[in-house]
There are 2 protein chains.
Amino acid sequence: MSKLSKKERQEQLVEMLKKKPFMTDEEIAKHFNVSVQTIRLDRLEQSIPELRERIKVVAERNLDQVRSLRVDEVIGEMIDLQLDQSAISILDIGEEHVFTRNKIARGHHLFAQANSLAIAVIDEELALTASAKIRFLRSVKAGERVVAKARVVEKRAGRTKVKVESFSGQEMVFAGTFTVYRAEKEKY
Amino acid sequence: MSKLSKKERQEQLVEMLKKKPFMTDEEIAKHFNVSVQTIRLDRLEQSIPELRERIKVVAERNLDQVRSLRVDEVIGEMIDLQLDQSAISILDIGEEHVFTRNKIARGHHLFAQANSLAIAVIDEELALTASAKIRFLRSVKAGERVVAKARVVEKRAGRTKVKVESFSGQEMVFAGTFTVYRAEKEKY
DNA sequence: ACTCCTATTAGGACCAAGTGCTAATTTTAA
DNA sequence: TTAAAATTAGCACTTGGTCCTAATAGGAGT
């Protein structure tokens with residue numbers, strides 16, 4: 001069979017590596033029946049990283065999933081608490097909170113901080129989040145310190161509404177309103 | 001501080017690499033304050049493969065799962081994924097997810113499952129939650145299996161709306177609508 | 001046929017993160 | 001103090017590359 005054109009080869013290469021990212025240049029070269037150098041040029045032009053880099057990317061994806069929300073993970077450190085009024089907690093974003101690829105904090109950590117703060121501020125035996133409306137205003141990266149401020153904005157039969165705003169420095173990065181269900185101890 | 005004994009060092013080494021498998025011998029050596037050669041011997045004795053091999057193993061584990069489907073960074077176990085359409089994951093609620101007092105699952109775990117599923121369903125390099133509106137319909141206890149079902153309900157410039165409903169048996173326990181911001185890789 | 005231009009090959013120096021080996025030095029324990 | 005165990009050092013070699021330069025092959029146009 002005649003050799004493919006450069007364009008065709010590169011297109012096929014991209015597709016192939018999506019399915020089989022573990023091929024060395026040598027194997028690829030054999031597959032297309034061209035020299036190793038040609039493949040290197042192809043990768044360069046298509047900005048496909050080298051084998052080890054490709055493997056690493058796949059591996060990191062996997063590792064991320066393991067580092068999920070661990071139980072004992074403290075969701076921020078409480079630094080102020082006025083029961084039924086307001087509360088403040090801080091959470092230092094570390095490597096364990098971010099996506100490895102882009103270092104951006106996973107949303108559920110910011111949520112967890114805010115949610116647990118909203119619950120802590122309630123002065124009751126049993127408090128559970130019933131609903132919430134949240135917004136992620138800016139992405140937070142590893143190294144930043146997020147300060148969450150909660151305040152009770154409404155309190156009525158069985159339900160309390162808590163507003164939480166989280167900041168990194170002066171900037172608000174997250175905001176949410178939590179409706180928390182509360183009940184005296186008897187029921188459950 | 002005094003150096004650890006060989007045994008202690010090797011034990012710690014094994015544990016450390018379980019958590020952070022991406023360390024080079026040099027980094028490890030620095031960490032334990034011994035020579036690189038010592039670490040090589042340690043790995044030999046504990047039959048811990050070299051860095052590249054370790055990365056590869058982690059990557060393969062991932063690749064095995066559901067190939068071209070990006071099982072990415074999901075909390076819970078992904079059992080179905082139609083990119084840009086729908087996805088399903090299951091999460092078994094264990095002791096580690098609940099409040100000790102009443103065995104009720106902490107809300108942020110249900111949120112994390114739903115949120116990560118909403119992100120996984122997006123067929124794009126970068127996807128981040130912009131906002132969400134959620135409801136906790138019934139409390140979930142340790143031992144229950146929560147099945148989250150996500151489906152894309154709206155897609156337009158830069159944003160996709162994903163609806164997630166989570167069930168325990170027949171009962172819906174959680175529902176949320178996530179607005180996910182998506183972008184091709186170039187920017188940031 | 002001759003000339004350009006693109007594509008393909010070739011080759012060498014260098015790199016990271018090792019393996020495998022031998023040998024020297026240090027520590028520890030009997 | 002002396003033997004055994006542990007640690008450190010050094011060197012050659014390996015993989016799967018990068019980066020760079022240079023040579024050659026194939027066509028298209030004139």
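Bear in mind the structure is a predicted one, so any value in this text is a computation, not a measurement. Every chain is numbered from 1 and lettered A, B, ... according to where its sequence line falls, protein lines coming before strand lines.
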Strictly under 3.5 Å: I want the nitrogen or oxygen pairs between protein and nucleotides 14-16 of chain C, one per line.
unit_1: C:dA16; atom_1: N3; unit_2: B:Arg52; atom_2: NH2; d: 3.0

Would you list the protein and nucleotides 23-28 of chain C atom pairs, both N or O, that sit under 3.5 Å from each other?
none

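Taking atom CZ on A:Phe32 and atom C1' on C:dT9, their separation rounds to 18 Å, with Å as the unit. Whole-Å rounding puts the A:Leu51 CG to D:dT14 P distance at 19 Å. As a whole-Å value, the separation of A:Phe22 CZ from D:dG16 P is 13 Å. A straight line from CD of B:Glu50 to C1' of C:dG20 spans 13 Å, rounded to a whole angstrom. Look at CZ on A:Arg9: it is 8 Å from P on C:dT9, rounded to the nearest Å. Rounded to an integer number of Å, the gap from A:Ile55 CD1 to D:dG16 P is 9 Å. Protein atom CG of B:Leu17 is 15 Å distant from nucleotide atom C1' of C:dA17, rounded to whole Å. At whole-Å resolution of the value, NZ in B:Lys56 and P in D:dG17 are 11 Å apart.
From A:Gln113, atom CD reaches atom NE2 of A:His108 across 13.0 Å, with rounding to the nearest 0.5 Å. For the atom pair CG (A:Asp84) and OG1 (A:Thr160), the distance works out to 6.5 Å, reported to the nearest 0.5 Å. Taking CG from A:Leu110 and OG1 from B:Thr129, the interatomic distance works out to 10.0 Å, rounded to the nearest 0.5 Å.
Both A:Ile48 and B:Lys6 lie close to DNA chain D; mapped to their nearest nucleotides by heavy-atom distance, the more 5′-ward contact belongs to B:Lys6.
Pairs passing the ring pair (Phe, Tyr, Trp, His ring centres under 6.0 Å) check and including a residue from residues 131-150 of chain B, sequence neighbours excluded, read B:Phe136-B:Phe174.
Cluster annotation: B:Met23 is connected to B:Leu13 through the hydrophobic network of ILVMFWY side chains, with a link wherever side-chain heavy atoms come within less than 4.5 Å.
Ring planes of B:Phe111 and A:Phe111: parallel class, angle under 30° (limits at 30 and 60°).
One N or O on the side chain of B:Arg54 and one on the backbone of B:Pro21 form a donor-acceptor pair closer than 3.5 Å. In this structure, the side chain of A:Thr38 does not engage the main chain of A:Val34 through any donor-acceptor pair within 3.5 Å.
Within the helix from C:dA1-D:dT30 to C:dA30-D:dT1, the inter-axis angle between the opening and closing five-pair segments is 0°, rounded to 10°.
Looking at residues two or more places apart in sequence or on another chain, you find no side chain to side chain donor-acceptor pair (under 3.5 Å) involving B:Glu165.
Look at A:Lys18 and A:Glu15 and you find a salt bridge, because one of the NZ, NE, NH1 or NH2 atoms lies within 4.0 Å of a carboxylate O, short of that distance. Checked for salt-bridge contact, B:Glu154 and B:Arg159 miss the test: no charged N lies under 4.0 Å from a carboxylate O. Salt bridge status for A:Arg138 with A:Glu171: present, with a side-chain N to carboxylate O gap under 4.0 Å. Checked for salt-bridge contact, A:Lys103 and A:Glu144 miss the test: no charged N lies under 4.0 Å from a carboxylate O.
Across A:Ser139 and B:Leu128, no two heavy atoms sit closer than the pair CB-CD1, 4.2 Å.
Using a 4.0 Å cut-off on heavy atoms, the residues of residues 36-45 of chain A that approach DNA chain D are A:Arg40, A:Arg43, listed by number.
Side-chain atoms of B:Ser35 lie closest to D:dT8 of the nucleotides C:dA7, D:dT8, C:dG18.
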